[in-house]
Amino acid sequence: MKKVMNQPENIVDEMLEGMVQATPNRLRYLKGKGVLVRTDAPVDGKVGLVSGGGSGHEPAHGGFVGRGMLDAAVAGEVFTSPTPDRILEAIKAVDSGKGVLCIVKNYTGDVLNFDMAAELAAAEGIQVEQVVVNDDVAVEDSTHTTGRRGIAGTVFVHKIAGAKADQGASLEEVKRVAEKGIRRIRSMGVALTPCTLPEAGKPSFTLEEDEIEIGIGIHGEPGVERTKLLSASALTRTLADRIYDDLPYRAGDRVAVMVNGMGSTPLMELNVIHKEFITYLNEKQNQVVDSWVGEYMTSLDMAGFSLTLFQLDEELESLLAHPVDTMAVRFGK
Amino acid sequence: MKKVMNQPENIVDEMLEGMVQATPNRLRYLKGKGVLVRTDAPVDGKVGLVSGGGSGHEPAHGGFVGRGMLDAAVAGEVFTSPTPDRILEAIKAVDSGKGVLCIVKNYTGDVLNFDMAAELAAAEGIQVEQVVVNDDVAVEDSTHTTGRRGIAGTVFVHKIAGAKADQGASLEEVKRVAEKGIRRIRSMGVALTPCTLPEAGKPSFTLEEDEIEIGIGIHGEPGVERTKLLSASALTRTLADRIYDDLPYRAGDRVAVMVNGMGSTPLMELNVIHKEFITYLNEKQNQVVDSWVGEYMTSLDMAGFSLTLFQLDEELESLLAHPVDTMAVRFGK
Amino acid sequence: MKVVDVKNWFCRYAEVIQEKKSFLTELDSAIGDGDHGTNMARGWKEVQTQLKAFKGGLSECFLLVSRTLISHVGGASGPLYGTAFLRMSMVLKEKEHISVEDWKELLNAGCEGIGQRGGTSGGEKTMYDVWLAVTNEAQQETGDDERSLFSRLSEAARKKVEESKELKALKGRASYLGDRSIGHIDPGSESTALLFETLDQTMSQ
Amino acid sequence: MKVVDVKNWFCRYAEVIQEKKSFLTELDSAIGDGDHGTNMARGWKEVQTQLKAFKGGLSECFLLVSRTLISHVGGASGPLYGTAFLRMSMVLKEKEHISVEDWKELLNAGCEGIGQRGGTSGGEKTMYDVWLAVTNEAQQETGDDERSLFSRLSEAARKKVEESKELKALKGRASYLGDRSIGHIDPGSESTALLFETLDQTMSQ
Ligand SMILES: Nc1ncnc2c1ncn2[C@@H]1O[C@H](COP(=O)(O)OP(=O)(O)O)[C@@H](O)[C@H]1O
Ligand SMILES: Nc1ncnc2c1ncn2[C@@H]1O[C@H](COP(=O)(O)OP(=O)(O)O)[C@@H](O)[C@H]1O
Ligand SMILES: [Mg+2]
Ligand SMILES: [Mg+2]
Ligand SMILES: [Mg+2]
Ligand SMILES: [Mg+2]
């Protein structure tokens, strides 16, 4: 493992400092709290949007703070959910009186800490609602597990909820579109190599030179199956089948896709995979109206990628196209 | 080496297909020619801008095609300069009659092929000018070598020349700002790991578990020095000193910086480095008015990064801030 | 057991966690995300710092641990341990001394807190299983010898860690592994066993 | 030497390049960017395909090779080899046969093309050094025995490759290494030596 860092225990704080310095007009850093906030928060008459989780998934979540997406992102230690007091700081910083929606990925730690923060915020008279993203089809259903994990599809939820909030919708309405999105988003990932936590200093698991782990989580949690390395075409098909066979996709749907790099997979390969995914969806007679290809929700230095498929309707398609101005996603005006 | 691909010899073509499919409104693909062109090229009354080089540096160069930057990008095979006929296709596709500027990185192969293409274009009556970027301070001066290499700073040249052309300037003017930029841009890189070419299938060099190569080129060309891994702070200082001590920086300058990831270095680390670079420049009493942190000019799956420092003046600062709309860089309107 | 003993216990546990940091992280790497050691070490180091200046009573002492863990650990284990210590702190209100009898109620409260927070009633291969085993052991009527109580708690905890090694995880991150979690020690169960082993060791000195 | 012999030479060279592809790439990995084998193989494979249908004369044959290399090799070696074959094609205009005497002018033209294109006059550890050595050897007056000419050219090429191994590169990608390029064989020099060795072998069969 080689990482460019100073003291590993300071890496999250130093990273957040670096992010703010790159875009001081957009972001404010609540030092000591791991919170990045829009400089203009709380925005008058707008529902506040907060997300967050462990660090190591950059650009998630700080890269998505800005007009049309999040109002604040809370960073925990690497792969560790942030604590309730930090989440509470974020909630307080973005509440304009119209209430706050927290977008949480379905992990025990995140859910517990966000729950506690919501209780604390409620005690201070802030209206807080929460949605839990669980797009990872690699995980068996909740009768056998904690339920499906939230992975890269979460970024689409940030996008649509952020757009709705930007349009001045009520907390109830913003929550409704977030939940509609969640019902229509599915993802699955694969790892070619493990990742290494800065403090641990050694890989989280091992893979042979010709082995891959299908169904990996974004923290290097083991997947569903270990196989030999497949071609881009076969690998895309393997993940896409699993995603597609899960509800709710049908021929004729208009869809958005994401090909998300896990940290070390070059854009060259992500684009080859994108081509294969489009071919697959064309065969299924779906029209891909929006493609996000790049790094959105990473796992430190892991090589690999995830595919996300988002079934749109008119409302969702227009929310996805709504202008956005964050470090990692910027378009429209 | 694990790469997600099909036949290695098709990887460049498949990648370009994937890129176009992700953004069909912005890009057109001249199939069989490795050329990505703005859909609205040639733009009436505008100087055409062409750049390109070997593949494996994504998002360079196709990711920079669009309003305010390049009109076309020519992709060669991996790490291999494109051939003159492909470059000629690109020149022809973007010439509106106002002439075409080619932005070339200083490598023998690139220079030779672009030269031949320019001759061919001239023979067809197209006015073609060329600038050669050589920002890499790691390389000794041209008395001993082919001259300094063009690396990540090239992207700043695309940006300012693209802005100038977008404002309707003449070929002469666009060339002038490009050359002014080149005189004021310096870069240097470091590798933590080698990269692996898809067809070669094994790493281009080897580094021990605790070794880094300082002054690496973007094709894995060996650098100036091999040392033990340094802290983020020490490493940033090592590169920054070398850059700063080269002309033309002085206290009080307004500058733009780029922290460019080589392919496998997480955004987390790039942001830590950015923080260190800003600290360094503050000590030198420079004001950083623009920061580009991310992957702009990569080396396949290499881990490492490069720093770029750009000394601005009023004209350059406003060109850098001019609206741009490409896959990889998008802001303003 | 007095507040000074409790402070000793917590301070010693903070050291133990520091020593076992890599081991806990390794356990978590196998079936989780490899941060349990780092998480616990961060939280308990802060507890140690806070305790140095601490002058209050029993209940406040548990409350301080609860608050510190909640705001410094993060992940799943932060809220879980934090809730356990919070509930135990409630039980200790107005008390200056924890009797052998008191441990029944104290552990009951802590255990219930974890069960509620984690939504588990046992057998799902989490720290709750160990808390439950310890709590059950405390309910046994075997006199009022503090020393023997602690050694029984410690043994019950360790025994449960070994037993639940063979379970399939149904909660937390390890549940994603399905059958592949079998044969591995749950990191939170291990840190819980260390807590009660440390109690036993501290009090037998 | 007739056009059929030239075709044989080029076709056999295409095979040799295919065989030596990894070796050339390894040489280039050491002091360049690891693509010379792939570049040459791509270009000469195309030459092979094109030659199958080719029916023209000597000059056209060299021109075909030039055009194909220029548009299929890329990198530095594409324009360099392309220019050499272009210049040689010019010399061969109207000719139906290459005499021993013709080789002097032919190689001179090719060599000069590379020198101009690459901006080198030798001693800088590039393929030019080998072209120059071969060209100089051809100028020696040692009768009109084609067989012995080719074997001398082949030997001169190989000898120069070995000699220039000890040079420091001052042109092309290897120049970035400074002294570290010393002791390595230049990949373009190796592929040039292979070209003349193949000429010798093809013509002695
Ligand atoms: N739902 C739950 N109920 C009880 N304990 C749980 C639950 N989920 C996880 N745990 C405990 O938490 C431990 C993991 O803690 P830690 O690694 O610090 O957090 P995270 O899983 O968020 O990375 C597990 O070993 C398990 O004992
Ligand atoms: N300026 C030059 N003059 C003559 N030959 C050169 C020059 N630069 C490079 N070469 C030759 O080109 C070879 C490299 O070719 P290749 O690897 O295919 O291209 P690239 O260097 O662009 O990757 C070198 O080994 C050298 O012999
Ligand atoms: Mg964790
Ligand atoms: Mg090359
Ligand atoms: Mg964990
Ligand atoms: Mg090369």
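Chain identifiers are assigned alphabetically (A, B, ...) following the order of the sequence lines, protein sequences preceding nucleic acid strands; residue numbering begins at 1 within each chain.
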Practice problem: State, yes or no, whether a side-chain contact exists between B:M268 and A:S55 at a heavy-atom distance under 4.5 Å. | Solution: yes

Exercise. Find the one option among A:G294, A:S233, A:G261 whose heavy-atom pairs under 4.5 Å with chain B are most numerous.
Key: A:S233

Self-check item: Residue pairs passing the side-chain hydrogen bond (donor to acceptor under 3.5 Å, both in side chains) test where at least one lies in residues 300-310 of chain A, sequence neighbours excluded
Solution: A:K3-A:D301, A:S187-A:T308, A:N260-A:S306

Quiz item: A:K2 versus B:L207: any side-chain heavy-atom pair under 4.5 Å?
Solution: yes

Quiz item: Can you check whether A:S231's main-chain N or O pairs, donor with acceptor, with B:N6's side chain at less than 3.5 Å?
Solution: no

Quiz item: Checking A:V259 against chain B: side chain, backbone, both or neither under 4.5 Å from a heavy atom?
Solution: neither

Quiz prompt | Residue-level contacts of residues 273-286 of chain B with chain A, using a heavy-atom cutoff under 4.5 Å | solution = B:I273, B:H274, B:K275, B:E276, B:I278

Quiz prompt | Interchain contact, B:A303 with chain A, by part (heavy-atom threshold 4.5 Å) | solution = neither

Quiz item: Taking the side chain as C-beta and beyond, is there a heavy-atom pair between B:E58 and A:L270 under 4.5 Å?
Solution: no

Quiz prompt | A:L229, part contacting chain B, at a heavy-atom distance under 4.5 Å | solution = side chain

Quiz item: Which bit of A:D290 is near chain B, if near means a heavy-atom gap under 4.5 Å: side chain, backbone, both or neither?
Solution: neither

Quiz item: Heavy-atom distance under 4.5 Å between the side chains of A:L267 and B:T298, does that happen here?
Solution: no

Practice problem: Output the distance between atom OG1 (A:T265) and atom CG (B:L300), rounded to the nearest 0.5 Å. | Solution: 12.0 Å

Exercise. For A:E9, check salt bridge (charged side-chain N to carboxylate O under 4.0 Å, His left out) against everything at least two apart and list the hits.
Key: none

Self-check item: Under 4.5 Å from any heavy atom of chain B - which part of A:M5
Solution: backbone

Self-check item: Heavy-atom side-chain proximity of A:V272 to B:I11 below 4.5 angstrom
Solution: yes

Exercise. Enumerate the residue pairs fulfilling salt bridge (Lys or Arg N to Asp or Glu O under 4.0 Å) with a member in residues 200-209 of chain A, sequence neighbours excluded, ordered by first and then second residue.
Key: A:K202-C:E26

